[in-house]
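These numbers come from the heavy atoms of this one structure, side chains and all, not from hydrogens, waters or symmetry mates. Proteins come first, then strands; the chains are lettered A, B, ... in the order of their sequence lines, and each starts at number 1. The model shown is predicted, which means the values in this text are computed figures rather than measured ones.
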Number of protein chains: 2
Amino acid sequence: MHAPLLKHINQFLLKPMDPAEEKAVTDRFALKAYRKRQYLLQAGDSSSKNSFVVSGCFRVYVVDTNGKEHNLQFAVENGWALDMGSLYKEEPSEMNIEALEDSAVLQIERKAFYELYDNFPVFDRYFRILAENAYIAAQKRLIRSHSFTAEERYADFIARYPHLVNRISDAKIASFLGMTPEFLSKLRRNFGK
Amino acid sequence: MHAPLLKHINQFLLKPMDPAEEKAVTDRFALKAYRKRQYLLQAGDSSSKNSFVVSGCFRVYVVDTNGKEHNLQFAVENGWALDMGSLYKEEPSEMNIEALEDSAVLQIERKAFYELYDNFPVFDRYFRILAENAYIAAQKRLIRSHSFTAEERYADFIARYPHLVNRISDAKIASFLGMTPEFLSKLRRNFGK
DNA sequence: AAAAACCCTTGAACCAGATTAAGGGTTCTG
DNA sequence: CAGAACCCTTAATCTGGTTCAAGGGTTTTT
């Protein structure tokens, strides 16, 4: 049941986890199901969970002061769905996390999560590498948002995430890319499919 | 000489470093000076250094396919100046890092940097927390760039980095915020100073 | 002390992308 | 199987921000 998570962690480590470390994981992560449209986290609540997606798909989004939604991230199989700021800082979340499909996650509570860090240095290593990769990706996304046109960002999205293009609605992709759905529709008309 | 770095690391740890860990740092980080306008890293070179800024100021920027510069980050006292992607992935850097003032940094080579990780778990912890904070900040910046107007982004910058406003030229701040210097000038005319 | 290099400003013309509004198709759900 | 809830498209209008071009001030270098 925990195989995908163990595998994912080991892929980022030079030396795979030993049995005690793997047990620490399997003891603390529990499988939980979410139905399509169900919320894993709602803005205002304090996020005390970290969730590894086993199957399905979530979107992470914020609502701005004009009531507009902005999709920050899509989390699919073998990705993490969380509001990192809220999980670590123990503040009410500004983000919403909604299941876009029926989904299954392996979930851990903040307290148990801190136990992992305090007893097994290997998790500092794994989550360091993950956070570094996430930061590098976020930097690149910011560069694209400052230097690419809407059309270039859409073409880049298709090239980068071909498996998401037919899985997530265009309106949600438009929001992720920082443009209106109407404008994305116009782009699609001009640039074949 | 290494005091600011040791202090910075300890501030992010629950338990301060022990003498062996502190020695591991002081043995591996060397002080290096940069003159104003000197480059710490140029795009195309492979970045093999990580630099902790002791005094002075750097900008991290990329040049897009139209030849336009985009400032990604300013690194001042007690901050890090590096291209994380290039340092870890050992690929030629896409980023430039230029001293905006005469500056001093504590610098470590990639090889010695990996020795820290391999011998002292505390550095996985410290850089995990750093990377997580950087990622959280990058996410928030992306949200602002999608939901704020240019004027709101400038007001937010002043509130967030008052110490940088009179230290860095407006043209460089405009690039950091994703707008032209002409437009920032227009904003400043309307919104007092 | 002149030359060179920045740096900020102003204004006119322009444009990428937003807004508003409307219509039609498809897929959920009770 | 009917209504509700999405989802995508099209077109007209509008606007925040860019581009281009020019001028003047201040700092740095020689």
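- Within a 6.0 Å radius of NZ in B/Lys7, other residues, nucleotides and ligands contribute 12 heavy atoms or fewer.
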Could I get a table of every N or O pair under 3.5 Å where one atom is in the protein and the other is in nucleotides 9-12 of chain C?
from	atom 1	to	atom 2	distance (Å)
C/dT9	OP2	B/Ser185	OG	2.9
C/dT9	O5'	B/Ser185	OG	3.2
C/dT10	OP2	B/Arg189	NE	3.1

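- Linking ILVMFWY side-chain heavy atoms closer than 4.5 Å, directly or via other members, places A/Phe120 and B/Tyr126 in a single hydrophobic cluster.
- Taking the ring axis of A/Tyr88 as reference, the NZ or CZ atom of A/Arg110 does not stay both within 45° of it and closer than 6.0 Å to the ring centre.
- Checking B/Glu151 against B/Asn190 by side-chain atom types alone, no donor-acceptor pair falls below 3.5 Å.
- Between B/Tyr154 and B/Arg188, the side chains place a donor N or O and an acceptor N or O closer than 3.5 Å (distance only, hydrogens not considered).
- Taking Ile, Leu, Val, Met, Phe, Trp and Tyr as hydrophobic and joining them when side-chain heavy atoms fall under 4.5 Å apart, one finds B/Val63 in a cluster with B/Tyr39, B/Tyr61.
- Defining each end axis of the helix from C/dA1-D/dT30 to C/dG30-D/dC1 as the rotation carrying four pairs' C1' atoms onto the next four, with five pairs an end, the two axes are found to diverge by 60° to 10 degrees.
- No hydrogens or angles considered: a donor-acceptor pair under 3.5 Å links the side chains of A/Ser93 and A/Asp83.
- Between A/Thr180 and the phosphate of C/dA18, there is a side-chain N or O to OP1/OP2 separation shorter than 4.0 Å.
- Side-chain N/O atoms of B/Gln107 and B/Ser51 include a donor and acceptor closer than 3.5 Å.
- Nearest heavy-atom pair, A/Arg153 versus A/Phe148, reported as atom, atom and distance to 0.1 Å: NE-O, 3.6 Å.
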Q | Test ring pair (Phe, Tyr, Trp, His ring centres under 6.0 Å) applied to B/Phe29 and B/His2, step by step | A | CA-CA 8 Å; B/Phe29 280 86; B/His2 291 82; 7.3 Å; no
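- With a 4.5 Å cut-off on side-chain heavy atoms, A/Leu100 and A/Phe58 do not count as touching.
- Here the range on DNA chain D touched by chain A, meaning any atom under 4.0 Å from one of its heavy atoms, is D/dC7 to D/dA11.
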Find every protein N or O atom lying less than 3.5 Å from an N or O atom of nucleotides 26-29 of chain C, and list the pairs.
from	atom 1	to	atom 2	distance (Å)
C/dT29	OP1	A/Arg37	NH1	2.9

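- Near DNA chain C, defined here as any heavy-atom distance below 4.0 Å, there are no residues from residues 61-75 of chain B.
- For A/Glu151 and C/dA16, the CD to P distance is 11 Å, given to the nearest whole Å.
- Under a cutoff of 6.0 Å and an axis angle of 45°, B/Arg141 and B/Phe176 form a cation-pi pair.
- For A/Glu94, the CD atom is loosely surrounded, since the number of other residues' heavy atoms within 6.0 Å does not exceed 12.
- In this structure, A/Leu184 and A/Asp170 approach most closely via the heavy-atom pair CD2-O, 3.3 Å.
- In this structure a side-chain-to-backbone donor-acceptor pair under 3.5 Å is present from A/Ser147 to A/Ile143.
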